[in-house]
**Student:** 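Please find one structure pasted underneath; my questions will follow.
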2 protein chains.
Amino acid sequence: MPKPAADSAALGLGVDRTSPVPLYHQLAQQLEAAIEQGRLAPGSLLGNELELAARLGLSRPTVRQAIQSLVDRGLMVRRRGVGTQVVHSRVKRPLELSSLYDDLEAADRRPATRVLRNTVEPAPAEVAAALGVAEGSDVHLVERLRLAHDEPVALLRNHLPTGLLDLDTGRLEATGLYRMMRSSGIVLHSARQSVGARAAGGDEADLLAEPPGAPLLTMERTTFDAGGRAVEFGCHVYRASRYAFEFQLLARP
Amino acid sequence: MPKPAADSAALGLGVDRTSPVPLYHQLAQQLEAAIEQGRLAPGSLLGNELELAARLGLSRPTVRQAIQSLVDRGLMVRRRGVGTQVVHSRVKRPLELSSLYDDLEAADRRPATRVLRNTVEPAPAEVAAALGVAEGSDVHLVERLRLAHDEPVALLRNHLPTGLLDLDTGRLEATGLYRMMRSSGIVLHSARQSVGARAAGGDEADLLAEPPGAPLLTMERTTFDAGGRAVEFGCHVYRASRYAFEFQLLARP
DNA sequence: GTCAACTATATGTCCTGACAAAAAGCCGGT
DNA sequence: ACCGGCTTTTTGTCAGGACATATAGTTGAC
């Protein structure tokens with residue numbers, strides 16, 4: 001029988017009503033931690049919502065909201081008449097809106113940055129269209145070489161609208177662009193990406209320490225803030241021999 | 001003032017209580033259609049939830065659930081004390097779990113398929129690990145050449161567990177693999193992808209009508225069903241000169 | 001013994017009601 | 001004229017209840 005028995009009791013579940021963090025979020029975090037640490041085995045049922053709510057002293061909608069947030073992230077599956085169970089496959093993140101710098105740092109690959117250019121220039125047509133500004137109006141241009149373990153990994157060219165951010169070269173080398181944007185109060189909301197490949201040109205090949213004509217992974221990205229304004233347009237090329245995009249997809253129901 | 005006036009009245013909103021489709025879903029679809037057709041302008045406020053609920057004869061939680069589903073998909077943004085407004089940027093899909101065949105067909109690029117191989121073979125180590133089966137046990141192997149406008153676009157090699165699906169060569173050529181899986185009752189749930197690039201080998205180059213050494217876009221994908229079992233492992237290579245992945249990312253709050 | 005119908009169980013949907021918290025605008029004092 | 005605090009508006013969170021519906025197991029008839 002493919003129903004690996006429930007558990008659900010004595011999981012250290014319990015909410016703190018004095019805390020400012022919402023109850024449903026507390027519960028969601030505890031459940032996620034339990035899944036992460038294997039205390040909630042994959043495939044195991046979670047016990048019904050009514051009983052869970054009663055034991056925690058919460059109402060069913062609150063418990064449902066907590067579970068729903070895990071379902072939305074692909075950690076659990078609900079089946080009417082059956083119950084809610086933990087999925088078998090260990091899911092990671094569903095493709096976060098993340099920066100290369102953070103990714104490399106999380107992978108412990110000692111990221112470093114060399115700023116090649118940091119200027120203000122009139123916007124070419126393509127950039128102007130992406131950022132939604134007039135062609136020829138001033139935009140920031142930042143060109144960086146990203147290293148990992150002292151080896152070049154990617155060549156990053158970014159355009160940003162003026163007046164949004166103080167693009168200090170020193171800070172650009174010490175941290176990532178996304179981190180700088182977030183700490184300036186910019187709320188990153190969504191991005192439109194295009195990922196492709198092409199052969200390396202002469203200059204790129206030199207900078208990336210690849211032979212001319214080597215295959216490169218390319219990414220174009222326009223990032224929007226919560227209001228829907230474009231806050232960044234980037235053309236990145238990655239050494240295909242050293243880097244690949246990895247991510248998790250979720251089917252939307 | 002960056003508050004482009006509300007609208008919200010007379011949008012043709014109204015629910016059908018005799019319909020089996022949930023009320024919150026009806027409302028969400030109508031709002032999405034209104035946004036799609038421009039009847040709800042980007043940046044416009046949606047009017048408060050209480051009033052909207054009253055006008056539609058619904059309760060606030062139901063209206064909230066409808067709005068929330070649009071917020072989750074990045075179509076709207078809520079701000080406490082302000083209201084809910086339509087985002088400016090035109091959002092497409094947040095990277096659906098889609099097949100190349102469907103994508104090409106949606107883009108009206110006349111997809112066609114040539115099945116090169118369709119056999120059962122012992123699983124190599126990499127495939128066995130991805131599918132979660134024993135090394136050397138039998139798995140399906142399907143190798144296809146995907147064409148668009150009568151030109152080769154991609155070379156698709158897929159491994160599937162045996163016993164899941166009837167892999168008829170004729171149907172494989174007439175439709176996509178994902179469509180076949182779905183119509184067999186398999187519920188696609190999530191996938192783990194890795195996208196990279198490399199130079200074309202001799203055989204690949206011939207099949208794809210590219211010169212040897214041409215840059216190719218590569219994708220490896222393991223797809224899981226709702227129970228978390230791996231149902232497909234694919235290694236695809238795309239002609240970088242003809243194809244790029246395009247998708248929308250959403251920041252998770 | 002087999003298959004259909006019934007029943008128990010769990011989630012899905014929807015309602016009413018209440019208070020908290022953040023944001024924006026109003027208004028008064030200095 | 002400026003700047004503080006107050007009020008209003010709106011979403012955020014939470015409770016408790018009711019009924020619908022899909023699933024699985026059990027029971028009953030044949």
Side-chain angles (χ1 to χ4, degrees), chain A residues 1-8 14-29 31 43-72 76-86 185 187 226-227 253, chain B residues 1-6 8 14-29 31 44-72 76-86 185 187 226-227 253:
Chain A
M1 236 99 277
K3 188 187 289 183
D7 175 305
S8 100
V15 295
D16 173 14
R17 286 191 174 270
T18 69
S19 162
V21 29
L23 302 180
Y24 74 89
H25 197 247
Q26 290 184 37
L27 179 53
Q29 284 183 320
L31 288 174
S44 63
L45 295 192
L46 183 63
N48 73 45
E49 298 169 350
L50 246 22
E51 188 215 346
L52 192 58
R55 197 167 67 243
L56 293 172
L58 297 172
S59 69
R60 183 156 89 110
T62 303
V63 173
R64 268 182 77 75
Q65 193 173 0
I67 295 175
Q68 189 60 45
S69 75
L70 298 182
V71 171
D72 287 341
M76 300 186 129
V77 182
R78 325 179 84 133
R79 276 192 297 159
R80 165 157 22 178
V82 179
T84 306
Q85 54 185 304
V86 182
V187 179
Chain B
M1 237 99 269
K3 189 187 290 184
S8 102
V15 294
D16 173 14
R17 298 195 96 98
T18 70
S19 163
V21 26
L23 303 180
Y24 74 89
H25 197 246
Q26 290 184 37
L27 179 54
Q29 284 183 320
L31 288 174
S44 63
L45 275 286
L46 184 62
N48 72 47
E49 298 169 351
L50 246 22
E51 188 215 345
L52 193 57
R55 199 168 63 244
L56 294 172
L58 297 170
S59 70
R60 182 155 88 109
T62 302
V63 173
R64 268 183 77 76
Q65 195 174 0
I67 295 175
Q68 189 60 45
S69 74
L70 298 183
V71 171
D72 286 341
M76 301 185 127
V77 182
R78 325 178 86 133
R79 275 193 296 159
R80 159 148 45 172
V82 178
T84 306
Q85 53 186 306
V86 183
V187 179

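We name chains A, B, ... by the order of the sequence lines, and we start the count at 1 in each one. These numbers were taken from a predicted model, which means no experiment stands behind them.
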**Student:** Val63(A) pairs by side-chain contact (heavy atoms from CB on, under 4.5 Å) with which of Leu50(A), Asn48(A), Leu46(A), Leu27(A)?
**Tutor:** Leu27(A)
**Student:** Pick the closest DNA chain D nucleotide for Gly81(A) and for Arg60(A) by heavy atoms, then say which residue is nearer the 5' end.
**Tutor:** Arg60(A)
**Student:** Do you know which two heavy atoms are closest between Gly57(B) and Arg17(B), and how far apart they sit?
**Tutor:**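 Reported closest heavy-atom pair: O-NH1, 3.3 Å.
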**Student:** Within this structure, what is the CD-to-C1' distance between Gln68(A) and dG12(D), rounded to whole angstrom?
**Tutor:** 17 Å
**Student:** Counting just side-chain N and O atoms, does Thr62(B) come under 4.0 Å of either OP1 or OP2 of dT13(C)?
**Tutor:** no
**Student:** Roughly how many Å is it from CE in Met76(A) to C1' in dT11(C), rounded to a whole number?
**Tutor:** 14 Å
**Student:** Classify Ser59(B) by what it touches in the nucleic acid, base, sugar-phosphate, or nothing, heavy-atom distance under 4.0 Å.
**Tutor:** base
**Student:** Val15(A) and Leu56(A): which non-hydrogen atoms are nearest, and at how many Å?
**Tutor:** CG2-O, 4.4 Å
**Student:** Rounded to the Å, how far apart are Gln65(A) CD and dT13(C) C1'?
**Tutor:**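 After rounding, the reported distance stands at 15 Å.
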**Student:** Checking contacts here: which listed nucleotide (dG12(D), dT11(C), dA24(C)) is nearest the side-chain heavy atoms of Val82(B)?
**Tutor:**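 Of the options given, the side chain of Val82(B) lies nearest dA24(C).
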**Student:** In whole angstrom, what separates Leu45(B)'s CG from dT10(D)'s P?
**Tutor:**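 Atom CG in Leu45(B) sits about 9 Å away from atom P in dT10(D).
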**Student:** I want to check something: taking the side chain as every heavy atom from C-beta on, are Gln68(A) and Gln68(B) in contact at a cut-off of under 4.5 Å?
**Tutor:** no
**Student:** Walk me through it: do Arg64(B) and Val71(B) pass the test side chain to side chain contact (heavy atoms under 4.5 Å, CB included)?
**Tutor:** CA-CA 10 Å; Arg64(B) 268 183 77 76; Val71(B) 171; over 6 Å; no
**Student:** For Gln85(A) and dT23(D), give me the distance from atom CD to atom C1', rounded to whole Å.
**Tutor:** 13 Å
**Student:** Can you tell if the side chain of Arg55(B) reaches within under 4.5 Å of the side chain of Leu52(B), non-hydrogen atoms only?
**Tutor:** yes
**Student:** Rounded to the nearest Å, what distance is computed from the CG atom of residue Leu50(A) to the C1' atom of nucleotide dT9(C)?
**Tutor:** 11 Å
**Student:** Could you give the CG-to-P distance, from Leu27(A) to dA15(D), as a whole number of Å?
**Tutor:** 11 Å
**Student:** Mark yes or no for a side-chain to base donor-acceptor pair under 3.5 Å between Arg79(B) and dG12(D), with no hydrogen or angle criteria applied.
**Tutor:** no
**Student:** Given atom CG of Leu56(A) and atom P of dG16(D), what is their separation to the nearest angstrom?
**Tutor:**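 Checked: the CG to P distance equals 13 Å.
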**Student:** Under 4.0 Å between a side-chain N/O of Thr84(A) and OP1 or OP2 of dA10(C), yes or no?
**Tutor:**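 Thr84(A) to dA10(C) OP1/OP2: no side-chain N or O under 4.0 Å.
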**Student:** Distance check, rounded to the nearest 0.5 Å: Leu70(A) atom CG versus Gln29(A) atom CD?
**Tutor:**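 One gets 10.0 Å once the value is rounded to the nearest 0.5 Å.
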**Student:** For DNA chain D, which residues of residues 16-26 of chain B approach it to below 4.0 angstrom with any heavy atom?
**Tutor:** none
**Student:** Answer with yes or no whether Arg64(A) presents, from its side chain, a donor or acceptor under 3.5 Å of a partner atom in the base of dT13(D).
**Tutor:**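 No, no donor-acceptor pair under 3.5 Å.
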